[in-house]
Structures are given as C-alpha cells and as structure tokens.
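Reminder, nothing fancy here: chain letters follow the sequence lines and each chain counts from 1. Nothing here was measured: the structure is a model prediction, and the numbers come from that model.
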Amino acid sequence: MKKLPRSFYTRPTLLVAKDLLGKILVRQIGKIVLAGTIVEVEAYLGSKDPASHAYRGKTKRNEVMFHEGGHLYVYFTYGMHFCANVVTGKEGVAEAVLIRAVEPLEGIEAMRKNRRFKANRVDEVTISNGPAKLCQAFRIGREQNGTDLLGAEIFLIAEKPIPKSSIGASPRIGIAKAKEHLWRFFVKGNRWVSR
DNA sequence: CGACCGATTGACT
DNA sequence: GTCAATCGGTCGG
C-alpha cells in the first residue's frame, strides 16, 4: 500500500501510461474511501500530438497539463461530462494520460450513488467502464482539476505490475486526428475495458 | 461576435 | 444501430 512517488509520473508519458495499468486509484471523500484498479488508459503527447488539448500551446483550460507530473487534469466536454487525466513529464511538458476505465475495488455502493441517470441501468460493469463514468463514480469534477496526486484527496498506489503479455494497444477512441498512433493501452480480457 | 464541434453517454427505434 | 443532450473552447469573419 504505497503511494506512487513523484518520480513515477515525471518519466516519459508512454512508459507511464503502460505502467498505470494495474495501479489503484484512491479517492478520499471525508471518511468515504473509493478505490479501483486502472484497466484502460490513453496517452496524449501535448505539442507533438494533434489530438491533444495542448497541441496549440497553453490556455486557461489546459494549463494543468503543463504542470509537473503527478497532478490531475480534469476537463469538461460535450456540455455535460468530465474526464480525468494523470499529468506526466517535467514542468512545462504538456503531456498526460487519460484514465478511461477502472475496475471497482472499494466503496462500490457509494460509487453507484454518485452515478447519475437511472440507477437500475448502472450494473457492476457500467459503473466505471468509461472516462466520464468513472469521474461520476469517483466524484471528480471541476474542483479536482489540478489536484496533486501526492496529496490525501486523490492518489495512486502501487500493485504488482500487469505482465507485458496482458497489455493490449490500439488507436485512441473518439478522436478525429492522429489515429495512426497506438496510444490506448488496456488490460486484455478485463470486463471493465470500454467497448 | 456566431458557428461549429468535441479525449461521451444513455435512451430509444 | 442512431441520436439528442448541452456548453465551453476554438476558429473564422
């Protein structure tokens, strides 16, 4: 049960993305603890990546992407959804990894309550098998943008690594540009992986 | 300014 | 499978 150190996040983004698989996302809300295993991610490489929010430089919205690795970048999209990214690399490097899916471990009933829409349609898989779904379940929104992942509110803990043979790669989902890159990584066969 | 559209989801045919 | 929801960012005039 060890919190990942800053040095985990400041490494090259594609490396961090693959290593995030299998790590446990922990969210403390007062006395409530929510936790889940990360099973699907996508890397966004800032200035090198036309699909990244930071491709055209720093703005008010994407400024957290330029922070030192180990912060949380939360953005609002489609007029109703939030998505959470782990910022990677050194200060000034606008790279991040989108957390696309987690397998719930702890606080599952609280997560279910946090989800909007008809609760009877939220089963154990759909509770957190997508980037905006897990943000609802973990109560991550505007206020969590910029959160330091070395703090007490939101952090990651190490687990035994996923074997390389169990990690799949594919093009990223839902983007129009840079589809040639296989920058989506997921745990093969895991039920919470989206699609 | 105005028009367009997005790192998505849930509802419905 | 198709489509609306809903709003802030981005880009063109």
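- Near DNA chain C, defined here as any heavy-atom distance below 4.0 Å, there are no residues from residues 166-186 of chain A.
- Rounded to whole Å, atom C1' of B/dA7 lies 10 Å from atom CE of A/Met65.
- From A/Leu134, atom CG reaches atom OG of A/Ser194 across 10.5 Å, with rounding to the nearest 0.5 Å.
- Atom CG of A/Leu156 is separated from atom CG of A/Leu72 by 9.0 Å, given to the nearest 0.5 angstrom.
- With values rounded to the nearest 0.5 angstrom, A/Ser166 atom OG is found 11.0 Å from A/Phe186 atom CZ.
- Whole-Å rounding puts the A/Tyr55 OH to B/dC5 P distance at 19 Å.
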Checklist entry - Would A/Glu42 and A/Arg100 count as a salt bridge (Lys or Arg N to Asp or Glu O under 4.0 Å) if you check the C-alpha gap in whole Å, the side-chain angles of each, and the deciding distance to 0.1 Å? => result CA-CA 7 Å; A/Glu42 285 178 2; A/Arg100 286 196 59 90; 3.6 Å; yes

Next on the checklist: For A/Tyr73 and A/His67: C-alpha separation, side-chain torsions, deciding distance, then whether side chain to side chain donor-acceptor pair (under 3.5 Å) applies.
Outcome noted: CA-CA 9 Å; A/Tyr73 168 52; A/His67 290 185; over 6 Å; no

Using distance only, find each side-chain donor-acceptor pair of residues 168-181 of chain A under 3.5 Å and give its atom names and separation, not counting sequence neighbours.
residue, atom, partner, partner atom, Å
A/Ser170, OG, A/Arg184, NH1, 3.0
A/Arg172, NH1, A/Ala43, O, 2.9
A/Arg172, NH1, A/Asp49, OD2, 2.6
A/Arg172, NH2, A/Asp49, OD1, 3.1

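- Other cluster members for A/Tyr55: none, since no ILVMFWY side-chain heavy atom sits under 4.5 Å from it.
- The existence of a salt bridge linking A/Glu124 and A/Arg191 is confirmed by a sub-4.0 Å separation between a basic side-chain nitrogen and an acidic carboxylate oxygen.
- With sequence neighbours left out, the side chain to side chain contact (heavy atoms under 4.5 Å, CB included) criterion links A/Ile157 to A/Met1, A/Ile24, A/Val26, A/Phe155.
- With a 4.5 Å cut-off on side-chain heavy atoms, A/Leu14 and A/Trp183 count as touching.
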Checklist entry - For DNA chain C, what string of dots and brackets results from 5' to 3' when Watson-Crick and G-U pairs need both distances under 3.5 Å, crossing pairs get [ ], and pairs with another strand get |? => result |||||.||||||.

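- Remark: the separation of the C1' atoms in B/dA7 and C/dG1 is 23 Å, to the nearest Å.
- Using modelled atom types, no side-chain atom of A/Asn85 and backbone atom of A/Val87 make a donor-acceptor pair closer than 3.5 Å.
- For A/Glu68, the salt bridge (Lys or Arg N to Asp or Glu O under 4.0 Å) partners are A/Arg6, not counting sequence neighbours.
- Within the 4.0 angstrom heavy-atom criterion, only backbone atoms of the sugar-phosphate kind lie near A/Arg115; the bases stay farther away.
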Hey, what are the protein-to-nucleotides 1-4 of chain B N/O distances that come in under 3.5 Å?
none

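- Of the residues in residues 34-52 of chain A, those placing a heavy atom less than 4.0 Å from an atom of DNA chain B are A/Tyr44, A/Ala51, in numerical order.
- The side chain to side chain donor-acceptor pair (under 3.5 Å) check on A/Asn129 picks up A/Lys133, with sequence neighbours excluded.
- Every residue meeting the salt bridge (Lys or Arg N to Asp or Glu O under 4.0 Å) condition with A/Glu153, not counting sequence neighbours, appears here in chain and number order: A/Arg27.
- Applying the ring-ring contact (aromatic ring centres under 6.0 Å, His included) rule to pairs touching residues 79-98 of chain A yields A/Phe76-A/Phe82, sequence neighbours excluded.
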Between the protein and nucleotides 4-13 of chain C, are there any N/O to N/O pairs under 3.5 Å, and if so, what are the atom names and distances?
residue, atom, partner, partner atom, Å
C/dT6, O2, A/Tyr78, O, 2.4
C/dC11, OP1, A/Arg56, NE, 2.7

